[in-house]
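Single-structure report; data block below.
Residue numbers start at 1 and run along the sequence shown. Everything quoted here is computed from the prediction, not taken from an experiment.
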Amino acid sequence: MNKFLPFLILAIILTLIPPVGSSANTTAIQLGSDVLFNQFHYLIEGKKVGLITNQTGQNSQMVSTIDMLRRDRSVHLAALYAPEHGLDGKTVAGKQVTSFVHPVYAIPVYGLSGSTRKPTPEMLKDIDILLVDLQDIGSRTYTYISTLQYAMTAAKEQGKEVMVLDRPNPLGGTIVEGPVVELPYRSFIGVDTLPLAHGMTIGELALYFNRTIGVDLTVIPMQGYTRSLIYQQTGLAWIPSSPHLPNLTSVFGYMATGLGEGTPLRQGDHFTWMGAEGLDSHKYADLLNGSLLPGVIFIPETKGTAGGVRLQINDPHQFNPAKTGIYALAYAKQLQSFPIPKSTSMQISMFDKVMGTNKIGLLLEQGKSPQEIVSSYEADLKKFVELRQKYLIYGDEPFIPMQPLQQKQPKQPEQPKKPEQPKPEQPKPSKPAKPETPQPDKQKGTTNQTKKPEPATKPIPQTPKSSEKIAYLTFDDGPSPVTPRILDTLKTNQVKATFFIVGREVAGHEAILKRIVAEGHAVGGHSYSHNYQLLYKNMDGFFADVEKGSQMIEKAIGVKPTVFRYPGGSTNTVSLKYQDPTRYNKQQTVMHAIKEEAKQRGYTFIDWNVTNGDARSNKYTAAQALANVKQQVKSQKEIVVLMHDSSTKSPTAEALPQIISYLKEKGYRFEVIQADRPTVSNVK
């Protein structure tokens, strides 16, 4: 029998050698796209797929996800969506990515940068599920994750599913650094509460974003990935993600050299050099090297008349790009007293958008040391680290995908029909059970189930009982500097409200509008100009102005308002003063014509039956505002309370906690106004 042993061993060896043409994976990890087709292919079978991708969307064997889907006869690839830099990654930063019909695939390719960053309903109408396969670089300012967040929001609005194919964070998942975005400074390079270096994969970010979006989300995780892995350890080839990031050296230098937006400090040679005109290269290098920043040495290097340093990253595991960038700015400011770009009430500076706050600029202007600047945001950073914990997928052990990570939204329960004679004992509809969202087991790298974070979505309308008392708090004329104070009070008291927005006030206050929506409040229209002379001259001018205001709101938050309020109210007499006398008179007024047209167009206008009196004058007190509300509430079962949040209405914000407390004591529950549920103050 021993003579057969060599042949047996040879046969075993041959079975271990892959046949010619095998796609055996030699990388340290399997990407989300690999895992999708190997384990969870059933999730896309029979579906019309839209794919957000570019040249980085390739699996571990360098086969593009586009080609994988096109070869798959069980799937219909219906559309492609390209982020900044285009489908091939060659469009320069800031240039509009155009939409076109692909000459080979004969399907639409939609550009998601420039003026159209968020997929429109038209772009999503022919798909069932939106796949995302993009390689992020680990920086909050890199717009691919912003495209992800915008796409998730659009998909939620259009009832589409989203699936994210996970990829590594090139910087790894252990370094979390930099100032955290504040609400007023949110932008396309800061779409959520994130620091400069977030330490999350794009799949983890999707789970994190979804806490406030609430789309039907599936994340296909990687296999074999751990938090501590940097890209060099994955065995994957680096595909340049954009024209200025040709290699991993550039990726690691991106935040370290690129934070000086609007200052003389600039980056060069694909984020491997930084400097400024007239800067002393040797003094700059001495300061930076003397700070003992881990993993990097700074080599003095002059470029023409610009002095600066070249980064020599000798330990990418220890290197902290965001902290290095903060130190680089602070030391450059010490050597040169250059001005820091400042935001105004009309426009947020690009420098503050990059930082996500104006605090860093102020500290630099004050000559604070880099250590003091880093210390200033440590508390916010700690809060973020705690917040992100529940959305992390990977731990210290290689992750083994046992199932896709899904956040499915519960179907809305059917609303009970309102009986002709409601019975007091009739119960409310029971609340649907909260779904669960997968979480990694940090010890084994497998998934557990934990509660899904509740998204800040529009509340489900409930048919009120006859004995219930409902209050609708409404605020006109914002957004303004007063609005955040109002929002803080509403959040503290867990109360929702409706904000009727003036379109001309939107520019510069987009972050406030986004916060209003993110925290579950409703947004209505209140014209663009709020100028009676323009609004009430004729019917056509009125609706053109209202529509312009709606467009401004939609551009800022991606949602068009469905409820409106007439400037001055629906019974105002001021319109008589400004109506065109050649078209209208006291018997046939412009207001009458506007109301009739509003009915034809399906507009829902809302008046009020309680007011705090702040529209009468800017010289009023919080005590007077509270007294006005108390005087008018009486025993009404449904009230719509008119208040204002323009810059002159601080007493309104001051009185709001007492107003809420008083209404709660009177037994009112608070709701937002919705077009599909009439209130006592719907304009007839």
Side-chain angles (χ1 to χ4, degrees), residues 458 472-484 486-487 490 496-517 521-575 578 590-591 594-595 597-599 601-616 618 640-649 652-653 656 672-675 679 681-683:
K458 187 169 73 173
Y472 300 93
L473 302 182
T474 68
F475 299 87
D476 286 9
D477 297 355
S480 77
V482 173
T483 317
I486 293 171
L487 289 171
L490 295 172
K496 305 303 180 188
T498 303
F499 292 78
F500 289 97
I501 302 301
V502 173
R504 69 182 181 189
E505 301 297 333
V506 170
H509 292 132
E510 291 89 345
I512 296 177
L513 269 179
K514 290 176 182 177
R515 179 184 173 186
I516 289 172
V517 175
H521 307 291
V523 171
H526 196 40
S527 80
Y528 171 79
S529 67
H530 205 282
N531 184 323
Y532 293 164
Q533 187 172 356
L534 296 176
L535 282 163
Y536 295 121
K537 183 177 181 181
N538 56 59
M539 182 190 72
D540 294 334
F542 174 87
F543 284 103
D545 193 283
V546 167
E547 184 59 28
K548 184 178 179 180
S550 296
Q551 290 171 359
M552 292 294 293
I553 295 169
E554 184 177 20
K555 184 178 179 181
I557 62 174
V559 179
K560 197 169 185 178
T562 57
V563 293
F564 302 83
R565 176 165 282 164
Y566 290 107
S570 68
T571 59
N572 77 77
T573 56
V574 71
S575 58
Y578 296 110
V590 69
M591 200 70 213
I594 289 171
K595 287 182 182 179
E597 181 65 17
K599 292 177 185 177
R601 299 191 184 197
Y603 281 72
T604 302
F605 281 88
I606 308 295
D607 276 340
W608 58 89
N609 59 352
V610 173
T611 174
N612 70 348
D614 62 358
R616 301 170 193 161
N618 291 333
V640 178
V641 185
L642 170 67
M643 295 174 278
H644 292 77
D645 70 337
S646 60
S647 58
T648 58
K649 306 301 180 184
T652 292
L656 185 58
V672 300
I673 293 175
Q674 301 174 41
T679 74
S681 290
N682 272 49
V683 177

Under the side chain to side chain contact (heavy atoms under 4.5 Å, CB included) rule, what do His509 and Arg515 come out as? Steps first, then yes or no, please.
-> CA-CA 10 Å; His509 292 132; Arg515 179 184 173 186; over 6 Å; no
Would you call the rings of Phe542 and Tyr566 parallel, tilted or perpendicular, where under 30° means parallel and over 60° means perpendicular?
-> tilted
Nearest 0.5 Å please: distance from the CG atom of Leu513 over to the CE atom of Met552.
-> 9.5 Å
In short, Ile512 meets Ser480 closest at the heavy-atom pair CD1-O, 3.6 Å
For Lys595, does the NZ atom sit with more than 12 other heavy atoms under 6.0 Å from it, leaving out its own atoms?
-> yes
Leu490 versus Leu473, closest heavy-atom pair with distance | CD2-CD1, 4.2 Å
Distance-only, no hydrogens or angles: does the Arg565 side chain make a donor-acceptor pair with backbone N or O of Asp607 under 3.5 Å?
-> yes
Note: Asp645 and Phe499 closest approach over all heavy atoms is OD2-CD2, 3.9 Å
Testing Leu487, Val502, Ile501 for side-chain contact (heavy atoms from CB on, under 4.5 Å) with Pro479, which one passes?
-> Ile501
Would you say the side-chain atoms of Thr474 pair up with the backbone N or O of Val641, donor to acceptor, closer than 3.5 Å?
-> yes
Electrostatic pair Glu597:Arg601 at N-O distance under 4.0 angstrom = yes
Is the count of non-hydrogen atoms from other residues, nucleotides or ligands lying under 6.0 Å from Lys537 atom NZ greater than 12?
-> no
Looking at OG1 of Thr679 and CD of Gln674, how far apart are the two atoms once the value is rounded to the nearest 0.5 Å?
-> 11.0 Å
Which of parallel (below 30°), tilted (30 to 60°) and perpendicular (above 60°) describes Tyr603 and Phe564?
-> tilted
The single option from Asn618, Asp614, Asp477, Thr483 that satisfies side chain to side chain donor-acceptor pair (under 3.5 Å) with Lys649 is Asn618
